[in-house]
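Keep in mind that this is a model prediction, so the values were computed, not measured. All ligand and atom numbering here is 1-based and tracks the order in the structure. Any value given below was found using the heavy atoms of this structure, including those in side chains, with hydrogens, waters and symmetry copies removed.
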Amino acid sequence: MKSKIKKFIDLVKERNQFEPEFLQAVEEVAETVIPYIASQKIYNGKNILLRMVEPERVIMFRVPWIDDKGEIVVNRGYRIEMNSAIGPYKGGLRFHPTVNLSILKFLAFEQVFKNALTTLPMGGGKGGSDFDPKGKSDGEIMRFCQSFMSELFRHIGPNTDVPAGDVGVGGREIGYLFGMYKKLRNEFTGVLTGKGMSWGGSLIRPEATGYGTVYFAQNMLETRGDSIEGKTVTVSGSGNVAQYACEKATQLGAKVVTLSDSSGFIYDEEGINADKLAYVMELKNEKRGRINEYVKKYPKAKFFKDEKPWGIKCDVALPCAIQNEINSDDAKTLLDNGCYVVSEGANMPSTIDAAHTFLAAKILYAPGKAANAGGVATSGLEMSQNSLRITWTREEVDEKLKNIMSDIHASCIKYGKRDDGYIDYVTGANISGFVKVADAMLAQGVV
Ligand code: GLU
């Protein structure tokens with residue numbers, strides 16, 4: 001079996017030589033799914049995984065715009081339309097200077113499995129740009145978004161491809177993108193999700209990824225007769241996902257002691273309660289400031305420059321920042337300090353070695369494609385509300401989100417429970433997502 005997996009990975013490597021993040025995402029799926037394919041006759045000889053690692057379409061385009069000094073800037077725009085077997089392409093847009101083909105292909109590949117897990121009819125895609133929103137004026141952000149959409153609009157649509165936010169793309173950017181799409185197409189449709197409430201957005205969409213990650217942690221703890229109440233929680237990141245993970249964990253009685261950004265992390269031993277979180281939200285969302293300002297406001301807290309929060313003792317870790325933020329040393333430190341629950345709010349925050357370390361220690365470990373699927377799931381609910389032209393209440397959407405997270409949890413158990421009772425959520429999520437997409441691909445022929 002090992003040589004079969006290696007042969008497959010070598011082939012993908014040869015064809016995608018300069019794409020380390022994409023190869024990492026493929027490897028993690030291949031090592032769990034290939035043994036399953038071998039055990040199931042219907043998938044034998046169909047090269048399904050080989051078809052899945054090849055995007056259906058990759059769009060790359062020039063994004064020229066004019067900055068506040070009147071200079072012409074050129075960025076690169078992308079949309080990876082990865083797989084549409086079970087629904088229109090769906091997935092976020094990332095604006096960050098590190099964005100390249102490898103990062104977006106890894107995210108699009110993960111998205112295919114994640115979206116399949118949500119139980120909703122959504123294919124997988126991802127896009128974005130190497131544009132850096134940091135320090136840009138509102139006018140610059142708007143002009144960039146308009147230029148980006150002036151090309152993207154011809155490739156997307158409510159039944160074709162429905163983008164949303166990701167790192168660097170929030171409500172403000174979705175607004176500018178939507179405005180330009182509407183102008184160019186002369187159509188008001190649910191072509192993007194994460195929209196504002198007065199123009200087609202869904203309640204709970206901003207909260208959904210962070211809330212879902214905590215609901216999933218709670219589901220995992222329940223399998224051991226435990227709960228998140230009273231637990232000490234470390235969270236990385238301080239953007240949309242981290243903020244609402246912090247909020248929900250606190251509401252459920254846990255104590256969140258860290259948040260971070262690219263400048264370092266803050267440690268507040270007393271816990272980041274609702275008032276402190278409101279300050280962080282204002283700091284990050286309105287003022288667009290840095291996390292170290294937290295310690296000026298709350299001097300009992302400490303700031304650790306250029307460090308990650310994984311050395312702080314905790315029961316539960318919620319990585320909500322970025323890919324590969326937990327390496328194998330970080331994973332060992334977390335385990336040594338007694339951490340026994342890791343629920344990933346970010347996409348692929350653990351390296352392959354870190355993930356193996358968690359699994360070997362048999363802790364409750366949920367990969368992002370299961371634990372952070374609440375965001376895209378609620379985007380799916382936004383699409384349904386747009387199609388029906390109705391608005392569900394906060395309570396209705398939250399209830400649906402909770403149910404989706406526990407359905408994802410159940411399907412991870414279905415495919416990931418080992419003979420000794422340990423639940424391998426990585427294997428469970430990968431196989432469950434694979435089966436749904438693979439069965440649709442088989443039914444639709446070689447296309
Ligand atoms: N970017 C988010 C994710 O990684 C959300 C995507 C969406 O809502 O389409 O799943």
query: Taking only residues two or more places apart in sequence, or in another chain, which ones meet F8 in a ring pair (Phe, Tyr, Trp, His ring centres under 6.0 Å)?
result: none
Enclosure of R76 CZ (heavy-atom neighbours >12, cutoff 6.0 Å): no
message: I need the contact residues for ligand 1: any residue with a non-hydrogen atom closer than 4.0 Å to the ligand, ordered by chain then number.
response: K90, G91, G92, Q111, K114, K126, A164, G165, D166, R205, N347, V376, S379
Whether over 12 other heavy atoms sit under 6.0 Å from R15 CZ: no
Please list, one pair per line, the donor and acceptor atoms closer than 3.5 Å that link side chains of residues 197-205 to other protein atoms, with sequence neighbours excluded.
unit_1 : atom_1 : unit_2 : atom_2 : d
S202   : OG     : Q385   : NE2    : 3.0
R205   : NE     : G375   : O      : 3.2
R205   : NE     : S379   : OG     : 2.9
R205   : NH2    : G375   : O      : 3.4

Centroid-centroid distance, F148 to F95, less than 6.0 Å: yes
statement: Sorted by chain and number, sequence neighbours left out, ring pair (Phe, Tyr, Trp, His ring centres under 6.0 Å) with Y279 holds for Y298
